[in-house]
**Q** 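Below is the structure I would like to discuss, written out as structure tokens.
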Amino acid sequence: MKYKNFNTCIIKTKIGNIFIEIKDYKVIKIFPTNLKITNFKYLSSKTLSLFKPINQQIEGFLEGKIINFSFSIHLQGSSFQKKVWNEIKKIKYGKTLSYLDIAKKIDSSPRAVGLACSKNINLFIIPCHRVINSNGNLGGYIMGNSTKNYLLNMEKKNYDFLLL
DNA sequence: TACAACTCCGCTG
DNA sequence: CAGCGGAGTTGTA
């Protein structure tokens with residue numbers, strides 16, 4: 001992992017570079033980036049110790065070795081978006097729900113749910129990859145549908161293996 | 001107002 | 001039954 005400045009860093013993962021931002025000791029952003037991970041300043045040892053477990057968990061998750069995250073995030077968005085994201089957060093590892101399922105829970109429409117999903121900047125922690133079309137199709141994903149498919153297959157495989 | 005990471009419904013082969 | 005097109009729907013810039 002390389003560090004950009006005091007409260008952000010970028011990690012290289014098997015699905016691409018991931019940008020991570022922290023504010024007031026909470027994660028506020030986990031998002032793909034095209035930024036190169038070179039020539040970055042290093043963090044203070046204090047901040048480094050904050051990032052280290054977070055980065056390890058994200059990397060571990062993407063490799064299928066970690067199922068839940070132990071750190072907390074701070075959601076930034078409209079009240080509707082937060083409602084959607086909180087519902088998505090309840091979807092368990094290896095499971096999926098449809099946009100319609102979420103819409104019913106919060107008394108809204110699937111189209112609006114999809115819109116909120118597309119605004120999710122806390123990838124994996126808010127597992128929007130677990131939200132798919134009601135007909136079984138994949139729907140969309142900020143990192144592309146092949147990545148969404150990879151994540152879902154990985155989770156399903158581990159789900160069966162671990163007998164969750 | 002236009003548009004979106006959706007669904008539903010009614011057609012057509 | 002699969003595939004397609006259009007309408008309905010809610011939240012956002």
Side-chain angles (χ1 to χ4, degrees), chain A residues 4 7-24 26-37 54-55 57-162 164:
Chain A
K4 192 183 169 198
N7 62 344
T8 71
C9 80
I10 295 173
I11 55 175
K12 188 179 171 76
T13 75
K14 60 195 306 176
I15 62 172
N17 290 357
I18 305 286
F19 175 92
I20 301 164
E21 183 170 0
I22 286 176
K23 188 182 177 190
D24 298 331
K26 284 192 171 179
V27 171
I28 59 171
K29 189 169 182 178
I30 298 176
F31 207 67
T33 180
N34 290 323
L35 292 175
K36 301 257 172 67
I37 50 175
I54 291 169
N55 294 345
Q57 286 182 47
I58 292 172
E59 286 168 343
F61 170 79
L62 293 175
E63 287 165 15
K65 295 173 184 165
I66 284 181
I67 293 185
N68 291 311
F69 301 94
S70 66
F71 56 88
S72 56
I73 57 175
H74 179 250
L75 296 179
Q76 307 179 114
S78 70
S79 64
F80 176 80
Q81 286 165 348
K82 288 179 190 168
K83 241 197 294 190
V84 172
W85 297 338
N86 280 319
E87 285 302 325
I88 294 174
K89 203 162 183 285
K90 294 179 192 166
I91 309 175
K92 293 195 175 125
Y93 190 94
K95 299 285 191 181
T96 61
L97 279 186
S98 71
Y99 298 94
L100 180 62
D101 292 330
I102 305 279
K104 282 178 180 165
K105 283 174 185 286
I106 62 173
D107 195 28
S108 180
S109 85
R111 203 90 201 244
V113 170
L115 192 56
C117 288
S118 73
K119 297 289 175 14
N120 175 30
I121 57 169
N122 289 284
L123 265 38
F124 323 127
I125 316 304
I126 303 296
C128 62
H129 59 279
R130 295 179 194 150
V131 186
I132 62 176
N133 289 2
S134 62
N135 65 3
N137 289 341
L138 219 43
Y141 196 55
I142 189 68
M143 299 191 73
N145 280 26
S146 58
T147 298
K148 186 171 187 174
N149 203 40
Y150 163 79
L151 292 171
L152 290 176
N153 284 335
M154 176 197 77
E155 290 192 2
K156 188 171 188 316
K157 198 177 69 180
N158 290 335
Y159 183 89
D160 294 338
F161 177 70
L162 297 169
L164 290 178

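Naming convention: chains lettered A, B, ... in sequence-line order (proteins, then strands); numbering from 1 in each chain.
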**Q** Check the distance between B:dA5's P and A:Asn133's CG and give it to me in whole angstrom.
**A** 12 Å
**Q** Using whole Å, report how far CZ of A:Phe31 lies from C1' of B:dA5.
**A** 12 Å
**Q** Heavy-atom contacts under 4.0 Å between residues 95-106 of chain A and DNA chain B, which residues?
**A** A:Ser98, A:Tyr99, A:Leu100
**Q** Starting at the 5' end of DNA chain B, what dot-bracket string do you get if Watson-Crick and G-U pairs under 3.5 Å are bracketed, crossing pairs use [ ], other-strand pairs use | and unpaired bases use dots?
**A** ||||.||||||||
**Q** Hey, which of A:Ile11, A:Val27, A:Ile66 is the one that makes side-chain contact (heavy atoms from CB on, under 4.5 Å) with A:Ile58?
**A** A:Ile11
**Q** Output the rounded distance in Å from CD1 (A:Ile132) to C1' (B:dT7).
**A** 14 Å
**Q** Reckon A:Ser108 touches a base, only the sugar-phosphate, or nothing at all at heavy-atom distances under 4.0 Å?
**A** sugar-phosphate
**Q** Does the side chain of A:Ser78 get closer than 4.0 angstrom to OP1 or OP2 of C:dG11 through an N or O atom?
**A** no
**Q** Write out a two-atom table: protein N or O, nucleotide N or O from nucleotides 6-9 of chain C, distance below 3.5 Å.
**A**
| residue | atom | partner | partner atom | Å |
| --- | --- | --- | --- | --- |
| C:dG8 | O6 | A:Arg111 | NH1 | 3.3 |

**Q** Between the protein and nucleotides 1-3 of chain C, are there any N/O to N/O pairs under 3.5 Å, and if so, what are the atom names and distances?
**A**
none

**Q** Return yes when atom NZ of A:Lys82 has more than 12 non-hydrogen atoms of other residues, nucleotides or ligands closer than 6.0 Å, and no otherwise.
**A** yes
**Q** Polar atom pairs between nucleotides 10-13 of chain B and protein, under 3.5 Å, N or O only, would you list them?
**A**
none

**Q** Inspect the contact between A:Glu155 and A:Arg130 and indicate whether a charged nitrogen and a carboxylate oxygen are less than 4.0 angstrom apart.
**A** yes
**Q** State plainly whether the residues A:Lys156 and A:Asp160 are in salt-bridge range, i.e. N to O under 4.0 Å.
**A** yes
**Q** Taking DNA chain C as the partner, which of residues 141-156 of chain A come within under 4.0 angstrom of it by heavy atom?
**A** none
**Q** Return the value, rounded to whole Å, for the distance between atom CD of A:Gln81 and atom P of C:dT10.
**A** 17 Å
